[in-house]
Amino acid sequence: MAQKIITSAEVLSAAFTDGGYLSPDVVSDADIEAAVERWIVPVTGRKLLQAVERGSHSEFSTSYLKPCVAAYVRLLIQPRLSAVTSQMGVAAPASSSHKSADEAMRRELMLSLKVRAQALRRRMSEYLDANQSKISEYESADNVLNRCCCDGGFVQIL
């Protein structure tokens with residue numbers, strides 16, 4: 001399903017704007033599927049995503065869904081980019097022009113990526129709630145963000 005929602009090239013374009021080059025092969029279909037299943041379906045529901053796959057709701061898809069999916073794909077794969085796996089095990093990438101980020105820098109980046117992804121998901125959810133009459137496939141009652149949220153480390157049941 002998710003491959004038809006966003007491509008790996010679109011994920012790179014939307015979520016990896018740091019200036020470094022990444023091959024589109026870095027983002028697999030499985031990465032996109034996992035991000036959609038974990039973070040998007042609980043908000044949108046499957047019926048809406050199926051409608052987007054068929055070409056419906058292009059404004060929602062372009063302006064809200066794709067940026068959100070891309071942000072969560074990056075959040076998912078970023079730790080994997082900090083290591084190289086081979087038959088010799090796991091190693092940190094080395095280069096003559098770049099130094100591997102230390103743990104504190106990686107932690108700060110992951111927190112920043114998480115905050116960005118959550119803000120984009122909240123924005124997408126608010127758009128869906130505000131435009132529910134135009135998007136018949138969306139069920140507000142099924143949106144997990146309308147039932148609970150986690151802010152400041154506390155789970156809030158609404």
Side-chain angles (χ1 to χ4, degrees), residues 1-46 48-49 51-53 57-85 92-93 95 98-132 135 137-140 142-158:
M1 171 191 331
Q3 304 93 318
K4 297 177 186 172
I5 293 171
I6 191 168
T7 66
S8 29
E10 290 173 313
V11 168
L12 292 178
S13 175
F16 289 88
T17 56
D18 312 69
Y21 170 77
L22 287 173
S23 165
D25 296 337
V26 167
V27 179
S28 71
D29 290 344
D31 295 325
I32 297 170
E33 290 283 346
V36 168
E37 285 297 318
R38 181 169 181 191
W39 290 293
I40 307 302
V41 170
V43 173
T44 63
R46 290 192 194 285
L48 176 54
L49 294 182
V52 169
E53 281 185 316
H57 313 297
S58 61
E59 176 190 352
F60 166 70
S61 177
T62 302
S63 300
Y64 297 90
L65 180 60
K66 286 182 179 188
C68 186
V69 172
Y72 276 108
V73 170
R74 176 157 188 192
L75 183 66
L76 180 68
I77 70 171
Q78 185 65 47
R80 193 173 72 219
L81 297 176
S82 299
V84 176
T85 306
S95 164
H98 291 89
K99 177 183 162 196
S100 291
D102 63 15
E103 185 178 342
M105 191 179 296
R106 289 191 309 270
R107 193 173 30 251
E108 287 177 14
L109 174 62
M110 290 303 294
L111 178 59
S112 171
L113 294 174
K114 181 179 178 184
V115 168
R116 179 182 183 201
Q118 288 174 334
L120 288 169
R121 187 170 65 166
R122 174 60 65 191
R123 179 178 170 261
M124 179 181 70
S125 175
E126 289 171 357
Y127 175 85
L128 288 170
D129 287 334
N131 293 280
Q132 189 171 359
I135 304 174
E137 299 87 356
Y138 172 67
E139 296 288 334
S140 180
D142 294 340
N143 182 341
V144 70
L145 296 180
N146 291 337
R147 295 191 311 267
C148 69
C149 64
C150 185
D151 292 320
F154 295 99
V155 176
Q156 300 174 11
I157 307 296
L158 309 172

Would you name the heavy atoms of [X] and [Y] that are closest together and state the gap between them?
{"X": "Arg116", "Y": "Ala15", "answer": "NH1-O, 3.7 Å"}
{"X": "Pro67", "Y": "Thr62", "answer": "CD-O, 3.4 Å"}
{"X": "Met110", "Y": "Leu75", "answer": "CE-O, 3.5 Å"}
{"X": "Pro24", "Y": "Leu12", "answer": "CA-CD1, 3.4 Å"}

So [Y] and [X], do their side chains get closer than 4.5 Å, heavy atoms only?
{"X": "Asp31", "Y": "Arg80", "answer": "yes"}
{"X": "Phe16", "Y": "Val26", "answer": "no"}
{"X": "Ile6", "Y": "Val73", "answer": "no"}
{"X": "Asn143", "Y": "Gln132", "answer": "no"}
{"X": "Thr44", "Y": "Val36", "answer": "no"}
{"X": "Arg74", "Y": "Val11", "answer": "no"}
{"X": "Leu49", "Y": "Glu53", "answer": "no"}

Enter the distance from [X]:[atom1] to [Y]:[atom2] here, rounded to the nearest 0.5 Å.
{"X": "Glu126", "Y": "Asn146", "atom1": "CD", "atom2": "CG", "value": "9.5 Å"}
{"X": "Ile135", "Y": "Phe60", "atom1": "CD1", "atom2": "CZ", "value": "6.0 Å"}
{"X": "Asp102", "Y": "Glu108", "atom1": "CG", "atom2": "CD", "value": "8.0 Å"}
{"X": "Leu48", "Y": "Asp142", "atom1": "CG", "atom2": "CG", "value": "11.0 Å"}
{"X": "Arg38", "Y": "Leu76", "atom1": "CZ", "atom2": "CG", "value": "8.0 Å"}
{"X": "Leu109", "Y": "Ser82", "atom1": "CG", "atom2": "OG", "value": "7.5 Å"}

*asked:* Checking Arg107 now: which residues fulfil salt bridge (Lys or Arg N to Asp or Glu O under 4.0 Å) with it, not counting sequence neighbours?
replied: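 Scan of Arg107 (salt bridge (Lys or Arg N to Asp or Glu O under 4.0 Å), adjacent residues dropped) gives Glu103.
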- Query: Applying ring pair (Phe, Tyr, Trp, His ring centres under 6.0 Å), which residue pairs with at least one partner in residues 61-84 are found, sequence neighbours left out?
  - Reply: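 Listed by first then second residue: Trp39-Tyr72, Tyr64-Tyr127.
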- Task: Applying side chain to side chain contact (heavy atoms under 4.5 Å, CB included), run through Ile40 and Ile5 and close with a yes or a no.
- Result: CA-CA 11 Å; Ile40 307 302; Ile5 293 171; over 6 Å; no
request  = Assess whether salt bridge (charged side-chain N to carboxylate O under 4.0 Å, His left out) is satisfied between Arg46 and Glu37, documenting all intermediate values.
outcome  = CA-CA 9 Å; Arg46 290 192 194 285; Glu37 285 297 318; 2.8 Å; yes
